[in-house]
Enquirer: 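Sharing a structure here in structure tokens format.
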Amino acid sequence: MRMVDLIEKKRDGEELTTEEINFIIEGYTKDEIPDYQVSALAMAIFFKDMTERERADLTMAIVNSGDTIDLSAIEGVKVDKHSTGGVGDTTTLVLAPLVAALDIPVAKMSGRGLGHTGGTIDKLEAIAGFHVEIDKEEFVRLVNKDKIAVIGQSGNLTPADKKLYALRDVTATVNSIPLIASSIMSKKIAAGSDAIVLDVKTGAGAFMKTVDDAKELAHAMVSIGNNVGRKTMAVISDMSQPLGFAIGNALEVKEAIDTLQGRGPKDLEELCLALGSQMVFLANKASSLEEAEELLREVIQNGKALEKFKAFIANQGGDPTVVDHPEKLPQAAYLIEVPAKEDGVVTEIIADEIGTAAMLLGAGRATKESEIDLAVGLMLNKKIGDKVTAGDSLVTIHSNRDNVDDVLAIIYENIRIGSHVEPPVLVYGIVTE
């Protein structure tokens, strides 16, 4: 088998066999196939696409390029959730205890985030003492005992994906549906879950800027999951403005606590119920999405979800009293209001730019070496469609420096006020096949 023949085959729009795909990924992982040939193949895939079978084979070849996690010692159907990113995306902090409160195992592997705010682990570490450095046996024990635990990503998972992603980044082939879908799904499958729920974002703060592109990616990933024996569903959700009100690590933990008490932002609660319903349904704990949502609402109302969050925090060394006393979370030295300059209606909040403003405060990482300040961030006081009067606070800046002119400039440029706007749709659709 010669790589040049396989590049030519895909260039001409032909279908690669399972053996050919395995040969490519195995050879590339072992440095036997050079970057320039895989670059050429990536560009051929970009223009000629892949069939559903090719996409599934590519995903599994990437999974098999490294270690996989065996979660078979955990009882029940393990359901994982993945979001394609966003600003103020606090869903995992809410969903993990919410779903675990219904006796569904949530065995979560998470990373630290680059970008606007930290990853799930960074957010949880805003709770004093909380840590994810637990061994595999303790991880399994905690999930079997309380149905919930979070561990840091470790081991040599999907090394082929790391190499491919770096290459796509510098060859203008990032935006290829089969390459994006196989990249995301390979990591989820290698992490050992039985079923996968995907939150595919669309809008200014998302990777997929249009609803049609997001739907295409969602269908691609759901198809891959179902084709390789993982029950998979997806929600297509809006990221034209940040989700919820909080952007920042400790601020998002506080917002998650509010949501588990039934007092959170309506959009965050709605999305968590949509994603959680799919998780409950795929775990065979409800016969329909509607029944699943009722069960989730019940554990919010009766306090079981909040109790589960406390148990989860305590199990991993954190101080569970922050749930009842969120003032124990890290606090910023300065609270600075951003007043509206005119009357009207908020017509636009450009999510990724507002995220950048939070990162400048120290809420996120610009590079892997950046230190995160867990206390800082932004609290939105107005969302799209809200009326404002000149002088009303649009945003409260939580900062540990008193001069925030750079942040103010970004906020004013990216929160727009006009006379009328249609309120945005939050959930554009559910994909089940």
Enquirer: Checking Asp212 against Thr210: is there a side-chain donor and acceptor pair closer than 3.5 Å?
Expert: no
Enquirer: What verdict does the side chain to side chain donor-acceptor pair (under 3.5 Å) test give for Asp213 and Thr202, after you've listed the backbone C-alpha separation in whole Å, the side-chain angles of each residue and the deciding distance to 0.1 Å?
Expert: CA-CA 8 Å; Asp213 285 349; Thr202 182; over 6 Å; no
Enquirer: Decide, yes or no, whether a salt bridge links Glu20 with Lys10 under the criterion of side-chain N to carboxylate O below 4.0 Å.
Expert: no
Enquirer: Hey, what do you get for CD1 (Ile247) to CE (Met359), rounding to the nearest 0.5 Å?
Expert: 13.0 Å
Enquirer: Less than 4.0 angstrom from a charged side-chain N to a carboxylate O is my criterion; do Asp80 and Lys78 meet it?
Expert: no
Enquirer: Within the 3.5 Å criterion, strictly below it, is a donor on Lys108 or Thr92 matched to an acceptor on the partner's side chain?
Expert: no
Enquirer: Using a 6.0 Å cut-off, check whether atom CD of Glu52 has over 12 heavy atoms from anything other than its own residue.
Expert: no
Enquirer: With a sphere of 6.0 Å drawn around CD of Glu371, does it hold more than 12 non-hydrogen atoms of other residues, nucleotides or ligands?
Expert: no
Enquirer: Of all heavy-atom pairs between Val427 and Glu270, which one has the smallest distance, and what is that distance?
Expert: CG2-OE2, 4.2 Å
Enquirer: Heavy-atom count around Gln261 CD within 6.0 Å, excluding the residue itself: above 12?
Expert: yes
Enquirer: Please say whether more than 12 non-hydrogen atoms of neighbouring residues, nucleotides or ligands are located less than 6.0 Å from NZ in Lys209.
Expert: yes
Enquirer: Does Glu413 have more than 12 heavy atoms from other residues, nucleotides or ligands lying within 6.0 Å of its CD?
Expert: no
Enquirer: Step by step, would you call Thr321 with Asp319 a side chain to side chain donor-acceptor pair (under 3.5 Å)?
Expert: CA-CA 6 Å; Thr321 65; Asp319 175 6; 2.6 Å; yes
Enquirer: Less than 4.0 angstrom from a charged side-chain N to a carboxylate O is my criterion; do Glu307 and Lys310 meet it?
Expert: yes
Enquirer: Looking at Ile415, is its backbone amide N or carbonyl O close enough to the side chain of Glu348 to form a donor-acceptor pair, meaning the two atoms are under 3.5 Å apart?
Expert: no
Enquirer: Can you spot which of Ile148, Leu296, Val106 makes a side-chain contact (heavy atoms from CB on, under 4.5 Å) with Leu98?
Expert: Leu296
Enquirer: Could you tell me whether Glu137 and Arg141 have a side-chain N and a carboxylate O separated by less than 4.0 Å?
Expert: no
